[in-house]
Amino acid sequence: MTDTSVDISIKQALQGEIAFDTNVTIKGWVRNRRDSKAGFSFIIMHDGSCFDGIQVIADANLDNYAGEIKHLTTGCSAIINGKLVKSGGKGQSCEIQAYSVEVTGMVEDPETYPVQPKRHTMEFLRSVAHLRPRTNTFSAMTRVRNTLAQAVHRFFHGNGFNWISTPIITASDCEGAGDMFRVTQLDLANVPMTDKGEVDYSKDFFGKETYLTVSGQLNVESQALALSKVYTFGPTFRAENSNTTRHLAEFWMIEPEVAFHDLNDSADLAEDFLKYVFNAVLEENADDMQFFDNFVKKGVIDQLKSFQTDSFARVDYTDAIDILLASGKKFEYKVEWGAELQTEHERFLAEEHYNKPTVIMNYPKTIKPFYMHCNDDDKTVACMDVLVPGIGELIGGSQREARLDVLIERMKEHDLDLEEYQWYLDLRRYGTVPHAGFGLGFERLVSYVTGINNIRDVIAFPRTPGNAKF
RNA sequence: UCCCCAAUAGCUCAGCUGGUAGAGCAAGUGACUGUUAAUCACUGGGUCGGCGGUUCAAGUCCGUCUUGGGGAGCCA
């Protein structure tokens, strides 16, 4: 019987790709077992290929029925060989009538197996991150995350972009941004010192201080000024002591950069990009998304669908300030031109005023980094934040300052060491062009799409302050 | 990092003003059933997050640390 058997995924069976009466083999993990004293057991098997499991009918006359099959519990692994048949019960179209159930791994102590067939809290599952992919929520999240990652590459590839791998180890704190993770080979118990009593980094692996990257932007700009359309998609690190539902110390970031683009082009690109990847998930993960819509966040499917036709709200920072002032809302932080928008302000704009992804453009230059293009008003820079309901900032981007003299002036204002940035300034010396790009936090995207509100639950093994387990 | 809250069985929780612990689910056994988060009965299972303190007595009160949650800051 097994000679003619076909190895299939559960997805193939449930999607009707396999004809009834075919002799098939599936391999996976037991989700649940129910016994019938009429002489057989129902075993629900999952293999991660799709949201649902397949029901296996194991008859009592199988050799190992009493010895093994009757003792199968949630989490056991098995190889099932049998005939794919039309289901004799309600709730599923097909099932497998087993010829053999080969148990590959029992669960050592069923009582302490953490993943029970019941609702668990996300906090508990995070503490067993090595086993949580066996749950509905995490297997669905993983498939959606995969679809998004594939769609990211497909979108850019289809639009003529080159994927650039920017360095993960970097020698300079590019944006003068926050804390970075140090990379060193020095013996921390015996650090070499200079005559001045400072750490002698010339003795270190790279001969200077090095860190994990916080952004590939400056590097990828140089690629854009030759290949025109480029993007990065890779790991990024921030040593900020942020304890929120939307920050990770290690996350994946997508950073497109396009020559001859201005800010509006960049906002258009961001919009097209989101439409594309949202649509990919709607098409490829309908069952997973239905689960999220039912049990994680009501309305999450409609949220993605409505964005296909209804695009970004776009508003200038200056106008956003007026909207906030005119709203009559009492805010904890004062609304005034020149100040950062606080979370409460962003939430009001994206969740109450517009209730859809909202782009705020052209912020005061005093609160933004040195590399952003100075607008003609000499007060604002050409930048944008894309805010989405429930997440906050999903995308941050800007048109870059392409004029050498203006850029140098801005760097001096920010107290940067010009020597360190000569290569970056060269890009303005040799054939400079206007260009623009943005950064998008991949996990925030997964969070928005799935409705899973804690960013620690949209990556397999989250890295956060005080937690690098697994 | 700041403010607030929480930590009790494998999981989710209850435990009033201090007197050494309970339920549901899970697990084990049995009954029953083409079942489907099955149902019913019985059984086993806890150094009440760590350390220190107050008290005759601490799950309960106080201090501190750790972890987690909600919010804020920083940002993607």
Side-chain angles (χ1 to χ4, degrees), chain A residues 31-44 52-59 70-71 73-75 85-92 95 97 107-128 131 135-136 175 177-179 213-217 232-233 235-255 270 295 332-333 340-344 346-347 367-369 385-388 391-397 438-448 453-457 464-467 469:
Chain A
R31 183 63 62 83
N32 213 338
R33 188 198 88 242
R34 294 178 292 274
D35 301 323
S36 167
K37 269 293 175 349
F40 52 92
S41 293
F42 301 101
I43 307 167
I44 308 300
D52 289 312
I54 195 164
Q55 178 162 282
V56 172
I57 313 300
D59 204 87
K70 281 275 282 176
H71 299 286
T73 55
T74 307
V85 296
K86 188 168 163 39
S87 178
K90 289 177 182 169
Q92 59 279 319
E95 62 193 19
Q97 188 73 47
V107 164
E108 196 175 74
D109 180 0
E111 187 170 0
T112 59
Y113 181 65
V115 185
Q116 296 163 6
K118 59 170 279 190
R119 206 180 177 96
H120 284 294
T121 60
M122 297 297 256
E123 296 79 47
F124 169 70
L125 290 173
R126 209 175 296 143
S127 74
V128 287
L131 297 172
T135 63
N136 287 334
E175 302 183 32
D179 299 319
T213 184
V214 294
S215 165
Q217 182 202 316
T232 72
F233 185 6
T236 311
F237 307 87
R238 303 274 166 93
E240 300 284 350
N241 192 4
S242 296
N243 294 287
T244 76
T245 55
R246 53 195 183 279
H247 289 88
L248 292 167
E250 176 184 300
F251 63 101
W252 286 63
M253 188 151 68
I254 296 153
E255 297 175 287
F295 296 106
E332 194 181 330
Y333 290 84
E340 289 278 9
L341 292 182
Q342 301 296 318
T343 297
E344 58 176 345
E346 295 181 344
R347 288 181 73 108
I367 57 173
K368 289 292 176 182
D385 281 357
V386 179
L387 311 175
V388 295
I391 307 284
E393 186 178 343
L394 176 64
I395 293 173
F438 58 81
L440 180 150
F442 184 58
E443 282 74 19
R444 289 187 181 177
L445 179 68
V446 180
S447 176
Y448 182 69
N453 62 26
N454 196 320
I455 201 164
R456 299 164 191 211
D457 301 323
T464 50
N467 176 30
K469 214 180 153 190

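Reminder, nothing fancy here: chain letters follow the sequence lines and each chain counts from 1.
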N/O donor-acceptor pair, side chain A/H247 with base B/C75, under 3.5 angstrom:
yes
Using a heavy-atom cut-off of under 4.0 Å over every strand shown, decide if A/L445 touches base, sugar-phosphate, or nothing.
nothing
Partner set under ring pair (Phe, Tyr, Trp, His ring centres under 6.0 Å) for A/Y333, not counting sequence neighbours:
none
Considering only heavy atoms and no angle criterion, is a donor-acceptor pair shorter than 3.5 Å present between the side chain of A/E240 and the base of B/U1?
no
Is there any protein nitrogen or oxygen under 3.5 Å from a nitrogen or oxygen in nucleotides 25-32 of chain B, and what are the pairs?
none

A/L125 CG to B/C11 C1', in whole Å, measures 10 Å
Nearest whole angstrom, please: distance from the P of B/A76 to the CZ of A/F442.
18 Å
Could you tell me the separation between the CD1 atom of A/I391 and the P atom of B/C75, rounded to a whole number of Å?
18 Å
Between B/G68, B/A76, B/C11, which nucleotide has the shortest distance from any of its atoms to the side chain of A/H120?
B/C11
Across the strands shown, which category fits A/E250 at heavy-atom distances under 4.0 angstrom: base, sugar-phosphate, nothing?
nothing
Please state the P separation for the pair B/A6 and B/C13 - nearest whole angstrom.
13 Å
Side chain proximity check, A/I54 to A/I44, heavy atoms < 4.5 angstrom
no
Check the orientation of A/F124 and A/H120. Use parallel for under 30°, tilted for 30 to 60°, and perpendicular for over 60°.
tilted
Residue set satisfying ring pair (Phe, Tyr, Trp, His ring centres under 6.0 Å) with A/Y448, at least two apart, ordered chain then number -> A/F278
Take atom C1' in B/A57 and the same atom in B/C25, then report the distance between them in whole Å.
35 Å
Of the listed nucleotides B/A76, B/U1, B/G34, the one nearest the side chain of A/N241:
B/U1
Could you tell me whether A/S127 contacts a base, only the sugar-phosphate backbone, or nothing, with contacts defined as non-hydrogen atoms closer than 4.0 Å?
nothing
Do any side-chain nitrogens or oxygens of A/T343 fall under 4.0 Å of OP1 or OP2 in B/G71?
no
Taking salt bridge (charged side-chain N to carboxylate O under 4.0 Å, His left out) as the test, write out the residues that go with A/E95, two or more places apart.
none
In whole angstroms, how far is the C1' atom of B/G68 from the CG atom of A/D457?
12 Å
Quiz question: going by heavy-atom distance under 3.5 Å, is there a donor-acceptor pair between the base of B/U67 and the side chain of A/N467?
no
Under the side chain to side chain contact (heavy atoms under 4.5 Å, CB included) rule, what do A/F251 and A/F442 come out as? Steps first, then yes or no, please.
CA-CA 7 Å; A/F251 63 101; A/F442 184 58; over 6 Å; no
Which of the following nucleotides, B/C11, B/A76, B/U35, is nearest to the side chain of A/R444?
B/A76
Assuming nearest nucleotide by heavy-atom distance, tell me which of A/T464 and A/E340 is located more 5' along RNA chain B.
A/T464
Which is true for A/F438 with a 4.0 Å heavy-atom rule: it touches a base, it touches only sugar-phosphate, or it touches nothing?
nothing
Test of understanding: with salt bridge (charged side-chain N to carboxylate O under 4.0 Å, His left out), list the residues that count as partners of A/R126, not counting sequence neighbours.
A/D457
Between A/N453 and A/D385, just flag the one whose closest nucleotide in RNA chain B comes earlier from the 5' side.
A/N453
Could you work out, with ring pair (Phe, Tyr, Trp, His ring centres under 6.0 Å) as the rule, every residue matching A/F237, not counting sequence neighbours?
none
What residues form a side-chain hydrogen bond (donor to acceptor under 3.5 Å, both in side chains) with A/R347, not counting sequence neighbours?
A/E351
Output the single nucleotide from B/G73, B/A72, B/G70 whose closest atom is nearest the side chain of A/T245.
B/G70
Quick check for you: among B/A76, B/U35, B/G68, whose closest atom lies nearest to any side-chain atom of A/S87?
B/U35
Proximity to the side chain of A/R347 - top-ranked nucleotide from B/C11, B/U35, B/A72
B/A72
By the 4.0 Å heavy-atom rule, please label A/R31 as base, sugar-phosphate, or nothing.
nothing
Just to be sure I understand the rule, does A/L248 reach a base, reach only the sugar-phosphate, or reach nothing, if contact means heavy atoms closer than 4.0 Å?
base
Pick base, sugar-phosphate or nothing for A/Q92, based on heavy-atom distances below 4.0 Å to the nucleic acid.
base
Could you tell me whether the side chain of A/R238 has a donor or acceptor atom within less than 3.5 Å of a complementary atom in the base of B/A76?
yes
Secondary structure of RNA chain B in dot-bracket form (Watson-Crick or G-U wobble, distances below 3.5 Å, | marking inter-strand pairs):
(((((((..((((.....[..)))).(((((.......))))).....(((((..]....))))))))))))....
Between A/S242 and B/C74, is there a contact of a side-chain N or O with OP1 or OP2 at under 4.0 Å?
no
Taking the side chain of A/N454 as its heavy atoms from C-beta onward, which of B/U12, B/G69, B/A76 lies nearest to it?
B/G69
Could I get the full list of side-chain hydrogen bond (donor to acceptor under 3.5 Å, both in side chains) partners for A/R33, not counting sequence neighbours?
A/D35
Is there side-chain contact between A/E443 and A/L248, with at least one heavy-atom pair below 4.5 Å?
yes
